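Reviewing the structure listed below.
Just so it is clear, the model here is predicted, and its values are computed rather than measured.
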Amino acid sequence: MIRMENLTKIFDTPDGDITAVNHVNMEVPAGEICILLGPSGCGKTTTLKMINGLIPKSSGKIFIDGKDTDTVDPVELRRNIGYVIQQIGLFPNMTIEDNICVVPDLLGWEKAKSRKRAAELLELVNLVPSAFLKRYPKELSGGQQQRVGVIRALAADPPVLLMDEPFGAIDPINRAVIQDEFLKMQKEIKKTIMFVSHDIDEAIKMADKIAIFKDGVLEQYSAPDDLLASPANDFIASFLGQDRTLKRLSLLCVDDVKFGEEYKVHGEADLANAIAQMKELGHQNIVVTGLRGRARAFLHLNDIMGKKGVIEEYRQALPAVANVKEDLKTAVSTMFRHDVSWLACVDDDGFYKGYITQKAISRALSAIYRDETLNTKR
Amino acid sequence: MVDNLGLIGQRTLEHVSIVGVAVGIAILTGVPIGIAITQSKRAADIVLGIASVIVTIPSVALFGLMIPILSTIGQGVGYLPAVIAVLLYSQLPIIRNTYVAITNVDPAMREAAKGLGMTTMQRLMWVEIPLAVPVVMVGVRVAVVMNIGITAIAAYIGAGGLGTFISRGISQTDPRQLITGAIAVSVLAIVSDYFLLFVQKKLTPPQSTVID
């Protein structure tokens with residue numbers, strides 16, 4: 001847990017005092033990722049660096065796991081806080097192994113223990129220990145180096161991790177991969193993470209909570225979905241962009257907006273039953289399922305209206321399906337690709353789970369006051 | 001010449017001994033001075049200024065200056081003034097390269113080192129000095145090559161070394177001795193430079209082999 005009380009930084013410059021951080025109060029609960037976001041010069045990096053004392057604070061208090069950081073020696077403090085910087089900062093004169101073991105070595109761990117830890121951590125980020133331990137940073141690609149930069153910060157298992165634009169220097173494709181890996185890793189290690197970014201999409205994707213700064217003032221501190229649904233003021237709204245509503249698509253998943261799981265017909269059912277269900281559902285299509293409930297095909301109301309016969313004759317192949325775990329961005333993209341206004345939802349094994357329609361999606365996006373189920377899904 | 005190989009070898013050893021001892025001491029003094037002056041721009045300007053002035057003193061003049069001073073301890077000529085002169089001339093390349101190397105260490109390295117919890121001393125020992133070594137070695141190479149030449153002149157104050165062949169060659173108008181001395185000095189300079197280049201490469205961490 002990280003807590004700041006009235007944290008303030010005043011820089012004494014030749015042009016007079018500049019208040020870089022102005023009475024910031026916030027708390028990052030244990031195990032959560034908090035992303036500091038804002039335009040350059042807004043005080044986000046200064047705030048981050050005051051936590052591990054790289055920039056001395058002017059006034060205010062910082063508590064880590066309830067302990068006032070003023071009572072701890074700064075060098076000791078930094079050894080107990082993981083730190084990742086944008087430029088990665090691996091030491092070119094040390095092997096990957098020695099780089100990872102810097103903090104354990106500073107803390108005086110036994111060699112055998114720290115070296116074993118280095119190998120474990122490399123495996124955690126999908127780098128083969130035997131291939132990387134003895135190499136030097138310059139022999140690794142940028143993405144590999146940044147993975148090592150992150151695990152170096154985790155080597156002594158600190159409860160808190162500070163990251164200054166950690167994925168900023170990596171190309172977009174690798175960045176997405178590393179972000180996903182990092183989120184997966186965070187599920188296991190559950191560190192309290194404070195993270196500076198200038199990339200809104202990165203923040204929306206990774207943060208449990210986003211803190212938006214402007215001119216040293218903390219403007220809003222909320223969960224990404226709350227932020228996008230209800231920005232506190234015009235500055236935040238324009239900072240998030242005109243397309244902020246669309247950005248919410250990546251926060252919601254198909255499971256959040258699907259409906260009508262009970263409406264389906266199987267191949268032997270009669271047409272009247274299908275029509276009755278469509279009317280009840282208010283939808284012109286119905287999914288035809290297989291014997292065990294897998295989504296197989298669909299019927300369109302116009303095709304069977306006033307017709308006689310069996311469903312098999314009128315069924316059409318499903319153009320595409322949406323996995324319930326997908327985000328809405330993927331589902332919408334699938335709809336546009338196939339020029340359809342609805343999709344059948346399925347689980348990983350292809351079992352039918354309901355419908356998702358463009359209408360339901362737009363309703364979900366326009367809902368400012370979302371219901372509790374949506375809120376807890378993340 | 002072949003008959004005199006033994007003598008050439010002995011003179012070479014004398015030569016190497018003067019340069020080796022003096023540059024060795026210069027490393028032990030110049031590197032700490034170079035590190036120390038990174039703390040203050042003013043100190044750096046003063047120290048580098050003095051070191052530069054020393055290099056501008058012609059070697060013959062420097063040897064001459066030292067004779068009365070060192071005569072007070074009975075060492076006016078010979079090995080000691082030669083070593084002192086080389087020591088003084090070596091300061092500039094070694095101090096300057098150390099200073100430049102340390103001040104040019106990537107700020108990201110320094111921030112990472114500090115952020116991970118290294119003290120100033122640990123940062124210096126674990127990161128900054130190891131990173132500075134290749135650049136310091138360039139200074140050492142400059143000092144060695146330059147002073148192999150200067151030491152040849154030290155023959156005039158009786159310090160021995162390969163310069164004896166040259167000075168005798170001139171005074172006895174004997175081109176064979178002159179050429180022997182000149183070639184030997186050149187060969188020694190080239191061989192030393194290559195040897196130190198080899199050492200420098202050994203001390204430099206591997207460079208990029210990744211094709212991105």
dist Leu54(A):CG -> Arg110(B):CZ (nearest 0.5 Å) comes out at 13.5 Å
If one checks every heavy atom of Asp98(A) against chain B at 4.5 Å, the contacting part turns out to be neither
If one checks every heavy atom of Leu107(A) against chain B at 4.5 Å, the contacting part turns out to be neither
Closest non-hydrogen atoms of Leu131(B) and Pro92(A), given as atom of the first, atom of the second and distance, are CD2-CG, 3.3 Å
Q.
Strictly distance-based, threshold 3.5 Å: is any side-chain N or O of Asn93(A) a donor or acceptor partner for the main-chain N or O of Leu203(B)?
A. no
For Met109(B) and Phe91(A), the nearest pair of non-hydrogen atoms, with its separation, is O-CE2, 3.5 Å
Minimal heavy-atom distance between Ala112(B) and Gly89(A), with the atoms involved, is CB-O, 3.5 Å
d(Asn99(A) CG, Leu116(B) CG) to nearest 0.5 Å is 9.0 Å
The reported gap from CG in Asp106(B) to CD in Gln87(A) (rounded to nearest 0.5 angstrom) is 7.0 Å
Cut-off 4.5 Å, heavy atoms of chain B, and the answer for Ile85(A) is side chain
Above 12 or not: heavy atoms from other molecules or residues under 6.0 Å from CD1 of Ile173(A)?
no
Apply side-chain contact (heavy atoms from CB on, under 4.5 Å) to the pair Glu111(B) and Tyr83(A), showing each step before the final yes or no. CA-CA 10 Å; Glu111(B) 191 189 333; Tyr83(A) 188 51; 2.4 Å; yes
In this structure, CZ of Arg79(A) is separated from OG1 of Thr119(B) (nearest 0.5 Å) by 6.5 Å
Looking only at Ala113(B), Gly115(B), Pro107(B), most heavy-atom pairs under 4.5 Å shared with chain A are made by Gly115(B)
